[in-house]
Amino acid sequence: MYEWVKKYIGIPFISNGRTIEGCDCYGLIRMILKNEYNTNLPEFSNNYNDALNVKETAKLFEEHRPVLAAEKIEKPEEGAVVLITEHGVPAHVGIVAGDGYILHTGIKTGSVCQRDTHPALSGRIEGYYNVS
């Protein structure tokens, strides 16, 4: 795992959250890309009411895919955004944490680092993207 990963594990899940005190999946990758890679993504917190509403998040990903998933890459790279499906549509994101791990967040877990083969992720990864 990359050195920076540990400081982002255990952040509570808060819909529309954008800070270390709590964030949703997009808030987590937005914060990490800004803090660790000096890459700024748009806020988008006003574009949806509930990060757990798959219809809302899928619409966000569809409308803003070029920003969220700029350049698809074949192999996971450090800091790459991972687009993850919910009910068959891209509606969740994480970030490559190294050694086959993905850092992402959920309501029950908060931010966690899980292997890409973990049951919560296996078969749901749509792709890896370089946004920087």
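Numbering starts at 1 and runs along the sequence shown.
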Looking at [X] and [Y], what are the two nearest heavy atoms and their distance?
| X | Y | answer |
| --- | --- | --- |
| Ile11 | Thr19 | CG2-O, 4.0 Å |
| Ser111 | Leu28 | CB-CD2, 4.0 Å |
| Cys113 | Ile9 | CB-CD1, 3.9 Å |
| Pro12 | Ile20 | CD-O, 4.3 Å |
| Cys23 | Gly27 | CB-C, 4.0 Å |

Should [X] and [Y] count as side-chain neighbours, where that means a heavy-atom distance under 4.5 Å?
| X | Y | value |
| --- | --- | --- |
| Tyr129 | Ile73 | no |
| Tyr37 | Val131 | no |
| Val82 | Val96 | yes |
| Lys7 | Glu36 | yes |
| Val89 | Glu126 | no |
| Leu121 | His104 | yes |

*asked:* Strictly below 4.0 Å, N to O, side chains only: are Asp99 and Arg115 in salt-bridge contact?
replied: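 So Asp99 does not pair with Arg115 through a salt bridge.
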*Short question: side chain of Asn130, backbone of Glu71 - any donor-acceptor pair under 3.5 Å?*
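Not at all, since once roles are kept as given, no pair shorter than 3.5 Å links the two residues.
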*Quick one: does Arg124's side chain have a donor or acceptor within less than 3.5 Å of a partner on His92's backbone?*
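Flag not set: sc Arg124 to bb His92 has no pair under 3.5 Å.
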Pairwise distance [atom1]([X]) to [atom2]([Y]) - rounded to 0.5 angstrom:
| X | Y | atom1 | atom2 | result |
| --- | --- | --- | --- | --- |
| Phe13 | Thr109 | CZ | OG1 | 9.0 Å |
| Glu86 | Cys25 | CD | SG | 8.0 Å |
| Ile95 | Glu78 | CD1 | CD | 9.0 Å |
| Tyr101 | Met1 | OH | CE | 5.5 Å |
| Ile29 | Lys34 | CD1 | NZ | 14.5 Å |
| Arg18 | Arg30 | CZ | CZ | 6.5 Å |

_side chain to side chain contact (heavy atoms under 4.5 Å, CB included) for Asp24 and Ile14? Distances and angles first, verdict last._
CA-CA 5 Å; Asp24 57 25; Ile14 296 177; over 6 Å; no
*Give a yes or no on whether Asn40 atom CG has more than 12 heavy-atom contacts from other residues, nucleotides or ligands under 6.0 Å away.*
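Yes, CG of Asn40 has more than 12 neighbouring heavy atoms, counting only those of other groups under 6.0 Å.
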_ILVMFWY cluster, Ile102 and Val112 together (side-chain gap under 4.5 Å)_ =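 Ile102 and Val112: separate clusters.
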*Where do Val81 and Leu33 land on the side chain to side chain contact (heavy atoms under 4.5 Å, CB included) test, with the steps shown first?*
CA-CA 9 Å; Val81 171; Leu33 289 173; 4.0 Å; yes
*Report the C-alpha distance between Tyr8 and Asn35 in whole Å, list the side-chain angles of each, state the deciding distance to 0.1 Å, and finish with yes or no for side chain to side chain contact (heavy atoms under 4.5 Å, CB included).*
CA-CA 11 Å; Tyr8 297 101; Asn35 294 346; 3.2 Å; yes
*Is the Trp4 ring parallel, tilted or perpendicular to the Tyr2 ring (thresholds 30°, 60°)?*
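Rings of Trp4 and Tyr2: parallel, under 30°.
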*Would you check if there is a donor-acceptor pair between the side chains of Tyr128 and Glu74 at a distance under 3.5 Å?*
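No, no side-chain donor-acceptor contact under 3.5 Å.
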